[in-house]
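Just so it is clear, the values below take in all heavy atoms, side chains as well, and ignore hydrogens, waters and symmetry mates.
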Amino acid sequence: MERIETVTSPDLLADRFEGHRPRLRAVAYRMLGSLSEAEDAVQEAWLRLARSDAGDIGNLGGWLTTVVGRVCLDMLRARKVRGEEPLEERLPDPVVSRIGAADPEQEALLADSVGLALLVVLESLTPAERLAFVLHDMFGLPFEQIAPIVDRTPATAKKLASRARRRVRGAAPSPDPDPADQRRVVDAFLAAARGGDFEALLSVLDPGVVLRADGGALTGGLKVIRGAAAVAGQLATFQRMATSATTHPALVNGLAGLVNTIGGELFSVMSFTISDGRIATIDILSDPDRLARLDLAGLEP
């Protein structure tokens with residue numbers, strides 16, 4: 001157990017907080033699906049720590065995780081109350097990194113294969129279900145610690161997590177573990193798109209493939225297309241993208257993806273879930289407002 005013994009130096013307290021920041025940001029990202037809101041939640045945890053009597057905190061990591069959980073729960077509930085941008089009508093923010101890059105903070109953010117497909121499923125849960133599942137199943141917090149955050153008993157918190165687990169299981173495909181295998185399938189997709197080859201495109205798609213495209217206000221929000229034939233029917237759109245844009249291989253939420261630019265300007269980010277050697281999900285973010293807020297500095301050589 002980490003004990004803060006009579007912290008008198010603000011710098012010392014700040015240093016200890018920074019040691020927990022990557023994990024707190026990972027918790028908040030899974031809870032909110034938004035990088036900017038995750039940063040806001042972590043910052044609020046720091047403000048609450050700075051205002052508290054830190055010497056009375058017996059377990060700093062547990063205390064901060066509880067605070068971030070409460071902040072995120074309030075933010076999720078506020079979204080629903082305001083009726084702004086329903087959770088199921090947008091793609092989560094992608095985390096984009098260069099292939100082979102070793103960024104410890106991004107590694108913490110994306111541990112346990114938190115791909116966009118899984119985040120989409122998490123956004124279909126109620127706020128309390130999502131918190132119980134994220135904190136217990138992804139971060140190992142006991143239900144005794146989760147219960148007061150959601151104003152439930154430990155037994156009820158366990159039921160929330162169990163209900164969430166049933167909804168998540170099977171809803172998000174498990175990605176193939178080998179990055180090279182993932183990349184080969186994405187390269188085959190790109191070659192089929194460039195060549196306008198319908199049969200080749202169809203051959204790399206899982207029969208139950210799901211395409212989610214979020215262009216924001218320009219396209220009326222999130223569009224979802226299901227099934228290999230329907231997704232392959234978007235070949236003309238894929239061909240325009242592949243031939244007019246410059247494609248940059250990248251990791252998107254730790255999985256094989258593409259960053260597409262036109263004239264040096266970011267045009268879209270594509271994430272692929274490759275399962276059993278075929279494309280099970282394609283997630284495309286092309287909302288200019290949200291793309292403008294992405295930090296792509298990690299893509300620079």
Side-chain angles (χ1 to χ4, degrees), residues 28-40 75-76 79-80 82-97 109-110 113-125 130 168 171-173 175 186 189-190 193 205-206 208-228 230-242 244-245 247-248 250-262 265-274 279-296 299:
Y29 177 57
R30 285 158 177 74
M31 283 294 299
L32 300 168
S34 165
L35 293 167
S36 61
E37 289 185 354
E39 291 288 359
D40 290 344
M75 293 171 77
L76 288 175
R79 282 182 187 171
K80 286 188 172 293
R82 289 194 307 264
E84 297 175 1
E85 194 178 56
L87 299 181
E88 67 274 13
E89 294 184 8
R90 67 174 177 90
L91 279 180
D93 288 345
V95 179
V96 184
S97 54
L109 197 63
L110 297 175
S113 299
V114 60
L116 288 183
L118 175 56
L119 284 174
V120 168
V121 177
L122 292 182
E123 295 202 339
S124 71
L125 304 176
R130 186 168 183 169
V168 169
V186 172
F189 166 88
L190 198 54
L205 298 177
D206 183 87
V209 63
V210 178
L211 167 66
R212 290 176 288 258
D214 186 351
L218 288 180
T219 62
L222 185 66
K223 307 294 184 184
V224 182
I225 300 173
R226 302 178 186 275
V231 172
Q234 304 301 305
L235 176 59
T237 300
F238 293 145
Q239 187 175 32
R240 283 196 301 273
M241 178 277 298
S244 63
T247 57
H248 310 266
L251 293 177
V252 182
N253 282 59
L255 302 177
L258 297 170
V259 172
N260 304 306
T261 59
I262 295 179
E265 297 294 326
L266 183 59
F267 175 71
S268 67
V269 173
M270 302 180 70
S271 171
F272 299 82
T273 304
I274 312 302
I279 298 172
T281 68
I282 306 173
D283 294 297
I284 307 173
L285 179 65
S286 58
D287 180 347
D289 292 337
R290 295 180 61 200
L291 290 175
R293 295 195 294 267
L294 292 182
D295 178 11
L296 299 186
L299 290 181

ask   = Run the side-chain contact (heavy atoms from CB on, under 4.5 Å) check on Phe189 and Ile274 step by step: do they pass?
value = CA-CA 11 Å; Phe189 166 88; Ile274 312 302; over 6 Å; no
- prompt: Is there a side-chain contact (heavy atoms from CB on, under 4.5 Å) between Met241 and Thr247 once you walk through the steps?
  reply: CA-CA 9 Å; Met241 178 277 298; Thr247 57; 4.3 Å; yes
### Message
One pair to check against side-chain contact (heavy atoms from CB on, under 4.5 Å): Leu285 and Asp287. What are the steps and the verdict?
### Response
CA-CA 6 Å; Leu285 179 65; Asp287 180 347; 4.0 Å; yes
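For Leu251 against Ala256, the heavy-atom pair with the smallest separation is CD2-N, 4.4 Å. For the residue pair Asn260 and Ala245, the shortest heavy atom distance occurs at CB-CB, 4.1 Å. Shown here for Ala38 and Leu32, the closest heavy-atom pair between the two residues is N-CD1, 3.9 Å. Contact detail for Gly33 and Glu123: the closest heavy-atom pair is CA-OE2, 3.7 Å. Here the shortest heavy-atom pairing between Ala228 and Leu205 reads O-CD1, 3.7 Å. When all heavy atoms of Ala242 and Ala193 are compared, the pair lying nearest together is CB-CB, 4.0 Å.
For the atom pair CG of Asp40 and CE of Met75, the computed distance is 5.5 Å after rounding to the nearest 0.5 Å. Taking CZ from Arg240 and CG from Leu235, the interatomic distance works out to 10.0 Å, rounded to the nearest 0.5 Å. Thr281 OG1 to Leu116 CG: the interatomic distance, rounded to the nearest 0.5 Å, is 8.0 Å. Taken from CG in Asp283 to CG in Leu119, the straight-line distance is 9.5 Å, to the nearest 0.5 Å. Atom CD1 in Ile262 sits 8.0 Å away from atom OG in Ser268 (nearest 0.5 Å).
Looking at Leu211 and Val209, their side chains never come closer than 4.5 Å, going by heavy atoms from C-beta outward. Looking at Thr261 and Phe267, their side chains never come closer than 4.5 Å, going by heavy atoms from C-beta outward. In this structure the side chain of Val252 never reaches within 4.5 angstrom of the side chain of Met270, judged on heavy atoms. Inter-residue side-chain proximity for Phe238 and Val231 is flagged as met; some heavy-atom pair is nearer than 4.5 Å. Side-chain contact between Ile279 and Thr273: absent, with no pair of heavy atoms (C-beta onward) separated by less than 4.5 Å. You'll find the side chain of Leu118 stays beyond 4.5 Å of the side chain of Asn253, heavy atoms only.
Checked against side chain to side chain donor-acceptor pair (under 3.5 Å), Asp206 has no partners two or more places apart in sequence or in another chain.
Using a cutoff of 4.0 Å between basic side-chain nitrogens and carboxylate oxygens, Arg90 and Asp214 are not scored as salt-bridged.
Between the Asp93 side chain and the Leu35 main chain, a donor and an acceptor come within less than 3.5 Å of each other. The closest donor-acceptor contact from the side chain of Arg130 to the backbone of Leu76 lies at 3.5 Å or more, if one exists at all.
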